[in-house]
Amino acid sequence: MANVTATVGAGGAAADGPATEARAKRRISILGATGSIGTNTLAVVTEHPGDFEVEAVTAFGNAESLARVARQVGAKVAVISDRTSYNVLKDALDGTGIEAAAGAKAVEEAAARPVDVVVAGIVGAAGLSPTLAAIKAGSRVALANKECLVCAGDLFVAEAKRAGVEILPVDSEHNAIFQALGANRIEDVERIILTASGGPFRDWTREAMLNVSPEQALKHPNWSMGPKISIDSATLMNKGLELIEAYHLFGIAAERIEVVVHPQSIVHGLVAFRDGTMIAALSAPDMRMPIAHCLAWPERGRATSLGLDLTKVGRLTFERPDTDRFPALRIAREALAAGGWATNILNAANEVAVAAFLAGTIGFPEIARLVEETLSEARSAGLDSTPTTIKDVLALDKEGRRLAAQAVQRFAASSPAAARRMD
Ligand code: NDP
Ligand code: MG
């Protein structure tokens with residue numbers, strides 16, 4: 001058992017004594033700076049003027065927003081993946097002295113610029129190559145982009161170990177577990193517990209969920225997040241991805257990772273030790289907390305609003321997830337048991353399915369069905385051997401997307417979403 005906890009244990013936040021008031025500025029880069037994680041990172045940076053210096057900010061095609069962010073934080077370089085947006089970015093940065101660049105390779109180069117911490121906030125497997133570029137350059141990574149671990153798992157962790165860099169979890173549950181682990185030994189952990197809000201359909205029957213619209217599924221009860229993770233939270237696939245994420249981050253057997261539904265989203269994660277003690281980390285559901293924690297680590301920053309009054313929260317409740325109504329969690333657990341090829345296909349198929357649901361092509365329950373069917377097709381097609389190089393990971397991801405896109409075509413004809421379009 002090792003992975004992130006080994007590096008964390010060695011670092012030891014407590015060993016350094018109280019934080020000194022005047023600390024050197026942290027140099028950071030933000031991948032996916034225009035998204036929800038990017039915006040929350042920006043909030044942490046602007047709430048603490050003088051603490052950070054921003055080197056690079058990146059986005060996919062949202063050139064105007066990226067230029068705004070770059071100006072706001074005084075970044076050295078702003079990079080857009082989509083080359084067709086380059087002129088907009090360049091014009092918007094004219095006269096600022098901020099360098100503009102475009103293309104996937106330019107994003108990787110930006111990620112590889114030497115900094116203290118790179119915030120990996122791109123959504124989906126598209127974040128893998130830039131995050132690996134940051135790792136290879138030796139930068140510590142504040143990882144929000146869980147799909148990196150789901151699609152490349154062992155290889156991703158091996159790259160981080162080879163480069164000797166820490167992967168600090170931004171995902172609130174993993175950040176909580178990382179904090180609850182503290183200086184404890186992973187060998188003393190009996191199990192870890194990820195909490196799940198249950199999403200907007202926690203109480204809904206299977207029948208009621210047949211016809212939910214993208215608008216309904218996008219409305220998360222506790223968190224405001226990007227569209228993909230919001231849908232993942234509604235299907236509970238997000239918790240499935242997080243199970244796989246936890247397995248790789250903490251190097252703990254899958255059967256020792258438990259998921260518990262906790263609708264209040266106050267307790268984000270718990271560690272149960274073998275002496276019977278459980279340690280939990282609590283905070284308001286606000287992504288600025290885990291982001292700020294990763295950016296300041298191994299020290300602690302100062303939050304602008306602490307805001308958690310337990311007497312106002314009142315009740316904290318916990319219940320078992322229902323994998324009959326939310327099969328995605330079961331499918332993810334099975335994929336984790338099947339190996340790296342399966343988690344890779346799971347992620348690719350889920351990305352395709354979520355996009356198809358958001359486009360109104362397939363219905364809500366079909367997201368999980370499509371993922372399961374794609375996994376079984378991948379097995380039949382002989383894709384069931386675990387990739388041994390990142391090149392293989394990317395090739396498998398491509399195959400998974402191809403199979404999933406074919407499934408979308410099949411599902412589209414018979415889906416309730418299609419029936420709605422005919423009305
Ligand atoms: P958003 O959709 O809000 O933002 C995604 C960001 O990535 C945007 O900056 C977008 O740029 C950029 N991007 C999208 N596609 C590409 C691509 N192909 N190449 C390069 N950049 C791209 O997502 P979130 O911020 O919600 O989520 C980001 C990651 O963090 C996900 O992996 C998610 O699971 C994880 N996470 C998010 C949480 C949250 O609270 N939002 C909580 C925990 C984890 P553009 O704007 O130009 O499209
Ligand atoms: Mg989470």
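First listed ligand is number 1; within each ligand, the first listed atom is number 1. Every heavy atom of this structure was used, including side-chain atoms; hydrogens, water molecules and symmetry mates were not.
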What does the list of residues with a heavy atom under 4.0 Å from ligand 1 look like, ordered by chain and number?
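Within 4.0 Å of ligand 1, protein side: G32, A33, T34, G35, S36, I37, A59, F60, G61, N62, S81, G121, I122, V123, A126, A144, N145, K146, E147, D171, M225, G226, P227, I229, M287.
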Considering non-hydrogen atoms only, spot the tightest contact between [X] and [Y] and give its length.
X	Y	value
N175	P169	ND2-O, 2.9 Å
A100	K90	CB-CA, 4.2 Å
A111	V118	O-CG2, 3.8 Å

Would you please classify the geometry between the F250 ring and the H174 ring as parallel, tilted or perpendicular, with 30° and 60° separating the classes?
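Rings of H174 and F250: parallel, as their planes differ by under 30°.
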Which atom name does [X] have for its N/O/S atom nearest to the Mg ion (ligand 2)?
X	value
D171	OD1
E173	OE1
E242	OE2

What residue pairs, at least two apart or across chains, pass side-chain hydrogen bond (donor to acceptor under 3.5 Å, both in side chains) with a residue in residues 42-64?
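side-chain hydrogen bond (donor to acceptor under 3.5 Å, both in side chains) check on residues 42-64 returns R27-E55, E47-R288, E47-T304, E55-R113, N62-S65.
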Taking salt bridge (Lys or Arg N to Asp or Glu O under 4.0 Å) as the test, write out the residues that go with R83, two or more places apart.
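Partners of R83 by the salt bridge (Lys or Arg N to Asp or Glu O under 4.0 Å) criterion come out as none, since no residue qualifies.
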Taking only residues two or more places apart in sequence, or in another chain, which ones meet E147 in a salt bridge (Lys or Arg N to Asp or Glu O under 4.0 Å)?
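Salt bridge (Lys or Arg N to Asp or Glu O under 4.0 Å) list for E147, sorted by chain: K228.
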